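Everything quoted here is computed from the prediction, not taken from an experiment. These values consider heavy atoms only, across backbone and side chains, with no hydrogens, waters or symmetry-generated copies. Chain naming here is simple, since letters A, B, ... match the order of the sequence lines and numbering starts at 1 in each.
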Amino acid sequence: GAVVSQHPSWVICKSGTSVKIECRSLDFQATTMFWYRQFPKQSLMLMATSNEGSKATYEQGVEKDKFLINHASLTLSTLTVTSAHPEDSSFYICSAKERRTGVGSNSPLHFGNGTRLTVT
Amino acid sequence: KQEVTQIPAALSVPEGENLVLNCSFTDSAIYNLQWFRQDPGKGLTSLLLIQSSQREQTSGRLNASLDKSSGRSTLYIAASQPGDSATYLCAVAGANSKLTFGKGITLSVRP
């Protein structure tokens, strides 16, 4: 089956530094990737939608200058948390929409295993 | 704005019991609904996906139903096992595949 590899699975960084998280579709092309954030005992909240070759679309309340998203190819999207602060500590999960012919929202979505970010 | 609600937040049952997890959503204009399983500190495993035109889907001991008009879905787990212990998330897909998730139901199956 389709696999989405998310790396790293966990990272600890100091306040003020930047952290990059990668999301790769290993055996399929993904025209669209989604980045979610999940706080403890909360639901996943969509942060942004990333389309290959174009700028990401951010959800309301998400700072685009703080959470930099790059989707340079059909198999890779990256999320960079810039100048990280302790309140950015969270679980970040990406999902990739498998590229298929035809139109509609019913192409499969595949999720990565998430990245646990801890900012000290 | 779509809102997804899952109640209760936690559930504890003895092994072997059949159980139903509920999910409700406010906007019936959805493309599909998915149930996911999440183990502590892990990513999501898709369990069942119901297209908006479908009423239910089955996989093994799992059965999910969808009533779009009333904004409800249920996940039925037959003969629960300790290995079923996890958090179960319901998510609805709107335009452009954006998912709106509920907070999940944390299930504990006691041996």
Side-chain angles (χ1 to χ4, degrees), chain A residues 1-10 21 23 30-51 54 56-62 90-100 102-118, chain B residues 1-11 21 23-27 29-54 57 59 66 68 86-108:
Chain A
V3 175
V4 173
S5 174
Q6 192 172 336
H7 179 80
S9 56
W10 60 270
I21 302 170
C23 181
T31 52
T32 305
M33 289 187 175
F34 302 90
W35 288 95
Y36 293 86
R37 180 168 55 184
Q38 184 181 33
F39 291 106
K41 299 192 184 299
Q42 298 296 314
S43 63
L44 278 76
M45 298 299 295
L46 180 64
M47 299 175 65
T49 303
S50 166
N51 292 299
S54 63
T57 303
Y58 290 81
E59 295 299 304
Q60 191 174 8
V62 178
S90 186
F91 193 58
Y92 294 86
I93 304 178
C94 71
S95 72
K97 183 176 179 181
E98 188 173 344
R99 182 185 190 186
R100 286 189 175 179
V103 178
S105 296
N106 292 326
S107 295
L109 283 178
H110 307 285
F111 282 80
N113 281 330
T115 298
R116 171 73 59 192
L117 170 63
T118 302
Chain B
K1 178 184 175 185
Q2 179 74 269
E3 292 184 4
V4 179
T5 303
Q6 293 183 255
I7 296 174
L11 188 62
L21 306 181
C23 171
S24 62
F25 48 95
T26 55
D27 186 351
I30 64 171
Y31 283 88
N32 60 57
L33 181 145
Q34 277 188 271
W35 283 92
F36 294 90
R37 170 183 172 140
Q38 185 177 32
D39 292 289
K42 301 293 184 182
L44 304 181
T45 300
S46 180
L47 298 174
L48 290 165
L49 183 151
I50 311 175
Q51 305 291 0
S52 61
S53 58
Q54 298 175 325
Q57 282 287 332
S59 176
L66 173 63
K68 235 177 59 164
T87 296
Y88 291 81
L89 295 162
C90 166
V92 295
N96 300 318
S97 298
K98 289 186 178 182
L99 293 180
T100 303
F101 285 84
K103 290 185 178 181
I105 297 173
T106 298
L107 172 66
S108 174

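- Two residues are said to be in side-chain contact when any heavy atoms from C-beta on lie closer than 4.5 Å; Phe111(A) and Gln38(B) fail this criterion.
- In this structure, the portions of Leu44(A) lying under 4.5 Å from any heavy atom of chain B include both its backbone and its side chain.
- Of all heavy-atom pairs spanning Lys103(B) and Gln42(A), the tightest one is CE-OE1, 3.5 Å.
- Heavy-atom distances place both the backbone and the side chain of Leu44(B) under 4.5 Å from chain A.
- Proximity to chain A is absent for every atom of Gln6(B), based on heavy atoms less than 4.5 angstrom apart.
- The line from CD of Gln38(A) to CG of Leu89(B) is 6.5 Å long, rounded to the nearest 0.5 Å.
- In this structure, NZ on Lys42(B) lies 8.5 Å from CZ on Phe91(A), to the nearest 0.5 angstrom.
- Only the side chain of Glu59(A) has a heavy atom closer than 4.5 Å to any heavy atom of chain B.
- Between Ser43(A) and Gly102(B), the shortest heavy-atom contact is CB-O, 2.9 Å.
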